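Please read the structure below before turning to the comments.
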Protein chains: 2
Amino acid sequence: MTDAEPGWELYRSFLGVLKEGSLSGAARSLGLTQPTVGRHVEALEQALGLSLFTRSQLGLAPTEAARALAPYAETLAATAAALLRVAQSQGDGVRGTVRITASEVIGVEVLPPILAALRAEHPGLRIELALTNRVEDLLKREADIAVRMVRPSQDVLLARRVGTIELGLHAHEDYLGRHGTPRSFAELMSGHAIIGFDRETAFLRGLRKELGPLRRDAFALRADSDLAQLAAIRAGYGIGICQVGLARRDARLVRVLPKALSLPLDTWVAMHMDLRDSPRCRVAFEAVAEGLGRYIEGQAS
Amino acid sequence: MTDAEPGWELYRSFLGVLKEGSLSGAARSLGLTQPTVGRHVEALEQALGLSLFTRSQLGLAPTEAARALAPYAETLAATAAALLRVAQSQGDGVRGTVRITASEVIGVEVLPPILAALRAEHPGLRIELALTNRVEDLLKREADIAVRMVRPSQDVLLARRVGTIELGLHAHEDYLGRHGTPRSFAELMSGHAIIGFDRETAFLRGLRKELGPLRRDAFALRADSDLAQLAAIRAGYGIGICQVGLARRDARLVRVLPKALSLPLDTWVAMHMDLRDSPRCRVAFEAVAEGLGRYIEGQAS
DNA sequence: GAGCGGCTATACGGTTTCGTATGACGGATG
DNA sequence: CATCCGTCATACGAAACCGTATAGCCGCTC
């Protein structure tokens, strides 16, 4: 076990290997070469006195120790990226990059016009969209601004409630024309093509009671992607769950059994307190919050 | 503005210069040489497209941009240090380094026997004590365990209330023998040597009402160090504020005007949730919490 | 089973980076 | 005013680092 602190560069290679699963892959993504990355990992292992990967011809598998260190290395990467964003935004005016995280549906269906207007007003602004249902950690600086469906509990976060997004069952009128409109939950469950999820996520587990009999084996189309589910509804595949506000935009999409299934989701926009005085983040926060507010108002009408 | 992401190594040098105020000083603390650190700073400035320091013969002064980037660089350093602690603790049993932050008084007067017993039970354990009144950020991994006088509000923190530490006015019996024991606040304020703070900290501002007329210009000895104040009380310099439990240990220390001034401070031990499953942190957390609990019980008797 | 594409490991030459040595400059001290 | 100690800047040789090239191994495919 060498006492010398390993160079911080080594963590980049470590993280690359962790993500890619091979020295060669990491080298490609890092813009290095395979021998270099191999040397880095070797040096890191020696500096830490640990075995980080089990070598094999088809790649490197992380050891338990490597998995324990992974979150810290990820924090390093996220912090370095955040530092770069701050550096780019130095200077007068609203400029630099803002990294926004949101769900796929919000990011694809709702945010684009909001961000387009924002960008038009501030040409110096660049947006990074991280679309994932995984809650990226604002504390870890994985994003500057987050759109969330749960109330942010960290009090170092600046959070604003923008309203309630309602989820409901919808179908295309073509589908309903062919198969009829179910008038009860029982009708829905028998003889209708239900669009639902594939794997059960933590979010869905929380809604298990509300969803009732809408379990995995009842679905005629299973897709984890909310976007795919939405597209299936629009294509007339069957009946599925989507945001009421989105369905309203297409007159041919009809809400089904509104009283039987209604999932109101409180929606929040959050930002780290430290970014309060950052022009780029303040402006983006306001734009996103206001834009989402308008979207939600439109849904209610 | 070069687009290439700067090497993470550069941030170490950047941080070193920021802390030391000069290339030479940073080089000394980093185990490098002055030209190397200079090159690093230069490279970082070019990569970021920013001017980070204003050069002069007596050192480098950080620019506004550098100050904006500083907290991120500090997070990088704290995370790298935390990663090393985790790496060292890999393997079976309770081993590795635990970094504990506490106030100076707690760290000097209360923690040592607790930590000694802990260490005796777990020889593989090493302790890092960060004694500061500044609340080191557990979220930023600046420490593994924190002893605090305020309720931790972050819900990613595992916090346990260990009781209430009481602060009161105390003096050495020698002093009281010479100057008499004040029987009222008015007597205390006129003709007594009061030991107090020098600069007003955020903590003290919060206590302004409780402290009443105990303002800066009323003090016959001003010291920001709580340890120095305690030492002055013990030396018979005058009357000052210290923990009741500490004064109890020395029979010659007498509490003064207990009804006029009593500051009960809720005391907490906190740890990041992620460290819950870390043997070294679990053990240290329990030991510190239990040890502080015993100390507080003794104070109450 | 031969061939192909993926991976790791190793050897070698070039480039980058580092450290040493030195010069120049400014403030504090006598 | 001269001296000394601190700082940064620059030049040069050495050491460390990286990339290229190659060998070896495995799994998949035709």
Side-chain angles (χ1 to χ4, degrees), chain A residues 2-67 70 73 76-77 80, chain B residues 2-48 50-67 70 73 76 80:
Chain A
T2 317
D3 247 4
E5 183 178 354
W8 289 4
E9 289 291 343
L10 304 183
Y11 298 130
R12 300 177 77 176
S13 298
F14 168 66
L15 205 51
V17 175
L18 218 47
K19 276 214 278 265
E20 300 289 336
S22 75
L23 297 180
S24 320
R28 277 190 297 272
S29 80
L30 292 171
L32 298 174
T33 60
Q34 169 256 322
T36 299
V37 177
R39 281 188 285 257
H40 285 180
V41 170
E42 198 175 354
L44 187 59
E45 286 181 323
Q46 190 171 355
L48 298 178
L50 290 174
S51 170
L52 293 174
F53 297 96
T54 57
R55 269 93 168 163
S56 81
Q57 266 87 0
L58 21 71
L60 278 75
T63 65
E64 194 177 343
R67 274 191 293 269
L76 284 178
Chain B
T2 317
D3 248 3
E5 183 178 357
W8 288 4
E9 289 291 343
L10 304 183
Y11 297 131
R12 300 177 78 178
S13 298
F14 169 66
L15 205 51
V17 175
L18 217 49
K19 275 214 280 264
E20 301 289 334
S22 75
L23 297 180
S24 323
R28 277 191 297 272
S29 80
L30 293 171
L32 298 175
T33 59
Q34 169 256 321
T36 300
V37 177
R39 281 188 284 256
H40 285 181
V41 171
E42 197 176 356
L44 187 58
E45 285 181 323
Q46 190 171 358
L48 297 178
L50 289 173
S51 169
L52 294 174
F53 298 96
T54 57
R55 267 93 168 163
S56 81
Q57 265 89 0
L58 25 71
L60 279 74
T63 64
E64 194 178 343
R67 274 192 292 270
L76 283 178

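Everything numeric here is computed off the predicted structure, so don't read it as measured data. The figures here come from the full heavy-atom set of this structure, side chains too, leaving out hydrogens, waters and symmetry mates. Below, chains carry the letters A, B, ... as their sequence lines are ordered, and counting in each starts from 1.
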Exercise. How do B/S56 and A/G31 order along DNA chain D: which one's closest nucleotide is nearer the 5' end?
Worked result: B/S56
Exercise. In whole angstroms, how far is the C1' atom of D/dC8 from the CD atom of B/E42?
Worked result: 12 Å
Exercise. Given atom CG of B/L60 and atom C1' of D/dC8, what is their separation to the nearest angstrom?
Worked result: 8 Å
For this session: Of all the heavy-atom pairs spanning A/F53 and A/P62, show the shortest one and how long it is.
Result: CD2-CA, 3.6 Å
For residues 12-31 of chain A, tabulate all N or O donor-acceptor pairs below 3.5 Å that involve a side-chain atom, not counting sequence neighbours.
from: A/R12; atom 1: NH1; to: A/E9; atom 2: OE1; distance (Å): 3.4
from: A/R12; atom 1: NH2; to: B/E5; atom 2: OE1; distance (Å): 3.2
from: A/S13; atom 1: OG; to: A/H40; atom 2: ND1; distance (Å): 2.6
from: A/S22; atom 1: OG; to: A/G25; atom 2: N; distance (Å): 2.9
from: A/S29; atom 1: OG; to: A/A26; atom 2: O; distance (Å): 3.2

Problem set entry | Contacting residues from residues 15-26 of chain B, given that a heavy atom lies under 4.0 angstrom of DNA chain C | none
Tabulate protein N/O versus nucleotide N/O from nucleotides 24-30 of chain D, keeping only pairs under 3.5 Å, one per line.
none

Exercise. Which atom names give the shortest non-hydrogen contact between A/L76 and B/A80, and what distance separates them?
Worked result: CD2-N, 4.0 Å
Protein-nucleotides 28-30 of chain C N/O pairs closer than 3.5 Å?
none

For this session: State the CG-CZ distance between B/L32 and B/R39, to the nearest 0.5 angstrom.
Result: 10.0 Å
Problem set entry | Heavy-atom closest pair, residues A/L10 and A/A43 | CD1-CB, 4.0 Å
Problem set entry | Side-chain heavy-atom pair A/L60, A/R55 within 4.5 angstrom cut-off | yes
Problem set entry | Nearest-angstrom distance from the residue atom CZ of B/F53 to P of D/dT7 | 15 Å
Problem set entry | Value in whole Å for how far the P atom of C/dT17 lies from CG of B/L44 | 14 Å
For this session: Using whole Å, report how far CZ of B/R12 lies from P of C/dT17.
Result: 17 Å
Exercise. Can you tell me how far P of D/dA16 sits from CD of A/Q46, to the nearest Å?
Worked result: 14 Å
For this session: List in chain and number order the residues that pass side chain to side chain contact (heavy atoms under 4.5 Å, CB included) with B/T33, two or more places apart in sequence or in another chain; answer none if no residue qualifies.
Result: B/P35, B/T36
Seminar exercise, completed: Whole-Å distance, B/L10 CG to C/dT17 C1', equals 12 Å
Problem set entry | Of residues 32-40 of chain B, the positions that come close to DNA chain C - non-hydrogen atoms, cut-off under 4.0 Å | B/L32, B/T33, B/P35, B/T36, B/R39, B/H40
